[in-house]
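Notes follow once the structure below has been shown.
Residues: numbered from 1 along the sequence shown.
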Amino acid sequence: MNFKEQLSGYPILEMVAKAAAELDVEAYVIGGFVRDLILKRNSKDIDIVSIGSGIELAELVASQLGPDVFVSIYKSFGTAQIRQGDLEIEFVGARKESYRADSRKPAVEDGTLADDQNRRDFTINAMGISLKKESFGELIDPFDGVKDLKKKIIRTPLGPEITFSDDPLRMMRAIRFASQLNFDIEADTFDAIVKMKDRISIVSAERISDELNKIILSKTPSYGFKLLFHSGLLAIIFPEMIELQGVENIEGKGHKDNFYHTLQVLDNVSHTTDDLWLRWAAILHDIAKPATKKFDKKIGWSFHNHEEVGARMVPVIFRRMKLPLNEKMRFVKKLVRLHLRPIVLSKEDITDSAMRRLLVEAGEDIEALMKLCRADITSKNPEKVKKYISNFDLVEQKLKDLEERDKLRNFQPVITGEMIMQTFGLKPAKEVGIIKEIIREAILEGTIPNEYEAAFAFMVEEGKKMGFSVQ
């Protein structure tokens, strides 16, 4: 197979070919770019392997692109990187690697193209395309990667035990590619993951979470999670999620399997958003159900307060997984804490007070919260789902009307603590906080609008009740 015509859409590759010829080295495009070219998927990452110094080749290409092109050099890895437009091109010299059993840091030495392809993770990522003048565009596919692409199979180029022992993160990558591409993992390869799952413990939490996030962002992330579950990897990297699995029955009463329910919610929300952190909220929304599960002979199973307990678990899980502890974590924590509120409102008579409170607590994240709550409707009874969706429509319309009227997002009462102290001649004291809270509650209850004149008059009356007079 020859891809000369397809490569013509990437002028940078012609420049790499000319620079390689000038240095009298062989150069090849290899890996994911070749895979995606065959699959007709867009790819912005191009990996170049040279039989010689990858850094030297990168520097020559950059100099020919112009003085404004910067080369990022990583001498310890023997790699270099340049950017051109939205393309990221990485250069490396062909190499062969050997690993110790207790380390992911390989001993590296110069090698041939075959050595470099042997060390690749999967057959579909081991294909190369020649950039040599006499064979420009020719495919080099020693492990039948094209055949595996057609069969939609993830398979290692060498024995899977060798591939996974060398780099245990490849077990996660196998599942990630299967989830992203909707491929199967070849039986021997999957069996090796099951057998070698414990070796994932030597991989850093950051790298594991990076692969997990890519699984979460795939079109149908439940597929990747089921592979993680059945391989045994999920129990090691995310034990809290494993706890959700299973159904307990007492006196003929059982609860739903919260693991598979969570996966359904994750898929549902993934149909409406590519937001990674909203998808994380779907994963964690019921994470505290095992910790709060109780059985009562009259009412059956309950998970009282699981939303509050779950919210407290979010930073613990994020910290262990080395996920960000900034506003992204706080967003997930907020949605986990609030995820039952719209569902409760959809089942009851909707009061303006309850809706105002939800708007104030959710703030700018109200749309994300409603997406999560809609995704949380997973009943197998279509009539029940239809009723819930209809009620949700009413809730959302009511929220929209209230927001337009009361402007409650990022709500702050118009009367501040400083105004209260100045009006009554008070110093900082608990009474100031009491009056401020009374005003806040009155606004949320709809007793007064969140407008200065009405709120000021209300404050004066409440101050009088407490024995204060306007100064």
Side-chain angles (χ1 to χ4, degrees), residues 1-39 43-66 69 71-84 87-98 106-149 156-158 163 166-167:
M1 296 176 74
N2 193 289
F3 291 88
K4 185 175 182 178
E5 185 177 338
Q6 290 91 326
L7 296 188
S8 65
Y10 297 88
I12 184 68
L13 296 179
E14 286 278 1
M15 295 189 70
V16 173
K18 289 178 181 177
E22 189 174 327
L23 291 172
D24 195 25
V25 298
E26 297 176 13
Y28 303 87
V29 189
I30 199 162
F33 178 83
V34 180
R35 177 199 69 229
D36 290 341
L37 198 69
I38 296 170
L39 290 174
S43 182
K44 296 179 180 179
D45 298 324
I46 302 177
D47 290 339
I48 304 293
V49 167
S50 71
I51 314 304
S53 171
I55 293 174
E56 191 176 346
L57 178 59
E59 289 176 328
L60 181 56
V61 171
S63 69
Q64 293 176 350
L65 285 170
V69 177
V71 184
S72 300
I73 296 174
Y74 308 95
K75 285 189 175 179
S76 57
F77 295 101
T79 64
Q81 193 178 82
I82 61 175
R83 289 179 180 271
Q84 190 195 33
L87 293 175
E88 194 171 277
I89 305 101
E90 183 167 296
F91 298 78
V92 65
R95 61 194 187 189
K96 54 184 176 180
E97 300 174 343
S98 57
V108 179
E109 56 184 293
D110 292 341
T112 63
L113 176 64
D115 289 327
D116 199 89
Q117 288 177 301
N118 284 341
R119 72 179 183 83
R120 298 282 161 170
D121 50 8
F122 309 110
T123 60
I124 61 171
N125 294 333
M127 296 178 288
I129 293 177
S130 173
L131 297 181
K132 294 189 295 182
K133 183 177 180 180
E134 63 274 18
S135 58
F136 188 86
E138 182 180 309
L139 181 71
I140 300 118
D141 182 17
F143 304 109
D144 289 328
V146 170
K147 186 184 291 185
D148 286 345
L149 282 178
T156 57
L158 305 178
T163 298
D166 281 352
D167 186 350

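- Taking both residues in full, the closest heavy atoms of Ile38 and Phe3 are given as CG1-CZ, 3.7 Å, listed atom of the first, atom of the second, then distance.
- Of all heavy-atom pairs between Leu57 and Ser50, the closest is CD2-CB, 3.9 Å.
- Rounded to the nearest 0.5 Å, atoms CD1 (Ile89) and OH (Tyr10) are 11.0 Å apart.
- Within the 4.5 Å cutoff, side-chain heavy atoms of Ile12 are placed close to those of Leu65.
- Applying the salt bridge (Lys or Arg N to Asp or Glu O under 4.0 Å) test to residues at least two apart or on different chains, the pairs with a partner in residues 128-149 are Asp148-Arg155.
- Phe136 and Ala17 make their closest contact through CE1-CB, 3.9 Å (heavy atoms, listed as atom of the first residue, atom of the second, distance).
- Here the closest heavy-atom approach between residue Arg120 and residue Asp47 is recorded as NH1-OD2, 4.5 Å.
- Side-chain contact between Ile46 and Leu13 is present, with heavy atoms from C-beta onward closer than 4.5 Å.
- Within the 4.5 Å cutoff, side-chain heavy atoms of Gln64 are placed close to those of Glu22.
- Looking only at distances, a side-chain donor or acceptor of Gln117 sits under 3.5 Å from a matching main-chain atom of Ile140.
- Using a 4.5 Å heavy-atom threshold, the side chains of Leu131 and Ile48 count as touching.
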Should Arg119 and Asp115 be marked as a salt bridge (charged side-chain N to carboxylate O under 4.0 Å, His left out) after you check the CA-CA gap, both sets of side-chain angles, and the distance that decides it? CA-CA 7 Å; Arg119 72 179 183 83; Asp115 289 327; over 6 Å; no
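- For the residue pair Thr79 and Glu90, the shortest heavy atom distance occurs at CG2-OE2, 4.3 Å.
- Once rounded to the nearest 0.5 Å, the distance linking NZ of Lys44 with CD of Gln84 reads 14.0 Å.
- Between Val16 and Val29 the shortest side-chain heavy-atom distance does not fall below 4.5 Å.
- Contact detail for Ile51 and Ala94: the closest heavy-atom pair is CD1-CB, 3.6 Å.
- With contacts defined as side-chain heavy-atom distances shorter than 4.5 Å, the pair Glu56/Leu60 does not qualify.
- Considering CZ of Phe143 and CD1 of Ile124, their distance stands at 14.0 Å, rounded to 0.5 Å.
- Side-chain contact between Val69 and Val61: absent, with no pair of heavy atoms (C-beta onward) separated by less than 4.5 Å.
- Atom CG of Asn118 and atom CG of Leu113 lie 9.5 Å apart (nearest 0.5 Å).
- Rounded to the nearest 0.5 angstrom, Asp45 CG and Gln81 CD are separated by 8.0 Å.
- Phe33 CZ to Leu7 CG: the interatomic distance, rounded to the nearest 0.5 Å, is 6.0 Å.
- At least one side-chain heavy atom of Ile82 sits under 4.5 Å from a side-chain heavy atom of Val71.
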